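Below is one structure, written out as structure tokens; the observations come after it.
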Amino acid sequence: MQTLKEGSRGDDVLALQRKLVEKGFSPGALDGDFRPRHRAAVLAFQQVRACWRTALSGREPRRRSALPRAELPPEPGMPNITVRSPRKMVPGAPLDNISKNLPLVMDELNRAGLTAQSIVLTAIATIGWRRAGSRRSANLFRVQHQPGGAPFDLYDFRKTSLGNNARGDGAKYKGRGFVQLTGKFNYQHFGQEIGVDLIADPEQANEPRTAPKLLAAFLKRAELRIKQALAVGDFADARRAVNGGTFGLDQFTKSYQTGERLLG
């Protein structure tokens, strides 16, 4: 069997496409034409299988179904993102916000090994830059409270979904930072992951040095899912992978596609 690469066509490519679908990494149409999205799908599959092998303490499973051979050159390094890129991706974004925060974000992404173009563009499209680093970025959504109640009190006892278990938790652990970190559970979990006590001081999530760390932590957790979703043009799932929903999907999609055009 030939080694497949971008530009390859024929039955072997079709066999690869079918195998990817079987493994849950659909590359799109089954047309026997190897395109860039097939490379992304194969890479995502191989990364998942590598994690599986690690979990098995390095032992190879006795029975496994391998993919047909595909040529996968190493992913390129960090794309060349300048202040111009976010400015174009989010029209009207304050230039001073971009100038102050872009270096911090790129540094955290690089530190986490998140250098793929799709992940970097996802990060910028997720931020929106209009509120980057602002202490006033509390929550994108309207304030939720019962008639006559305190702001966010409908979230005070969302223990199962958010980890909130006391009066005032809804407001204390409201959405903050570039990823709109929400809920006591997330504040505790991701605070520990980045080494910041967000339970004691939730406002730290809005700090210019902390917000990029949280963004990188969220993207790292969902890296494979984001790459796979974007490989087949599923912007909704890429958005859900980071934010848990599709709020702001249109703006996210437009920003991402603009970034793709800028980077070629």
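What you see is a predicted model, and the numbers here were worked out from it, not measured in a lab.
- Leu198 and Leu104 fall into different hydrophobic clusters, where Ile, Leu, Val, Met, Phe, Trp and Tyr residues are linked whenever their side-chain heavy atoms come under 4.5 Å apart, directly or through other members.
- A salt bridge does not link Asp250 with Lys254: every distance from a Lys NZ or Arg NE/NH1/NH2 to an Asp or Glu carboxylate oxygen is 4.0 Å or more.
- Gln251 and Ser255 share a donor-acceptor pair across their side chains, judged by distance under 3.5 Å alone.
- Between the CD atom of Glu260 and the CD atom of Gln257 there is a distance of 7.0 Å, given to the nearest 0.5 Å.
- Within a 6.0 Å sphere centred on CG of Asp11, heavy atoms belonging to other residues, nucleotides or ligands number 12 at most.
- Applying the salt bridge (charged side-chain N to carboxylate O under 4.0 Å, His left out) test between Glu203 and each of Arg176, Lys174, Lys172 identifies Arg176 as the sole match.
- Linking ILVMFWY side-chain heavy atoms closer than 4.5 Å, directly or via other members, places Met78 and Ile119 in a single hydrophobic cluster.
- Ring geometry, Phe190 versus Phe218: the interplanar angle falls under 30°, so the pair is classed parallel (tilted spans 30 to 60°).
- Looking at every heavy atom in both residues, Ile199 comes nearest to Pro202 through O-CD, 3.9 Å.
- You'll find the side chain of Leu162 stays beyond 4.5 Å of the side chain of Lys184, heavy atoms only.
- Nearest heavy atom pair, residue Val242 against residue Arg221, reads O-NH2, 4.4 Å.
- Residues Val105 and Leu262 are members of one and the same hydrophobic cluster, defined by side-chain heavy-atom contacts under 4.5 angstrom among Ile, Leu, Val, Met, Phe, Trp and Tyr.
- The minimum heavy-atom distance between Arg111 and Asp107, with the atom names listed, is NH2-OD2, 2.7 Å.
- Asp237 and Arg240 are joined by a salt bridge, as a carboxylate oxygen and a charged side-chain nitrogen come within less than 4.0 angstrom of each other.
- Atom-to-atom distance recorded for Leu263:CG and Ser118:OG is 11.5 Å, nearest 0.5 angstrom.
- Between Leu181 and Tyr187 the shortest side-chain heavy-atom distance falls below 4.5 Å.
- Rounding to the nearest 0.5 Å places OG1 of Thr82 at 10.5 Å from NZ of Lys88.
- Side-chain contact between Tyr173 and Asn164 is present, with heavy atoms from C-beta onward closer than 4.5 Å.
- When all heavy atoms are compared, the tightest approach of Gly177 to Asn206 is N-OD1, 2.8 Å.
- Going from atom CD1 of Ile194 over to atom CG of Leu214 covers 4.0 Å, rounded to the nearest 0.5 Å.
- Of all heavy-atom pairs between Met89 and Ala125, the closest is CE-N, 4.1 Å.
- Distance alone, capped at 3.5 Å, places no donor-acceptor pair between the Arg87 side chain and the Leu95 backbone.
- In the hydrophobic clustering of this structure, Leu219 groups with Leu249; members are Ile, Leu, Val, Met, Phe, Trp, Tyr whose side-chain heavy atoms approach within less than 4.5 Å, directly or through other members.
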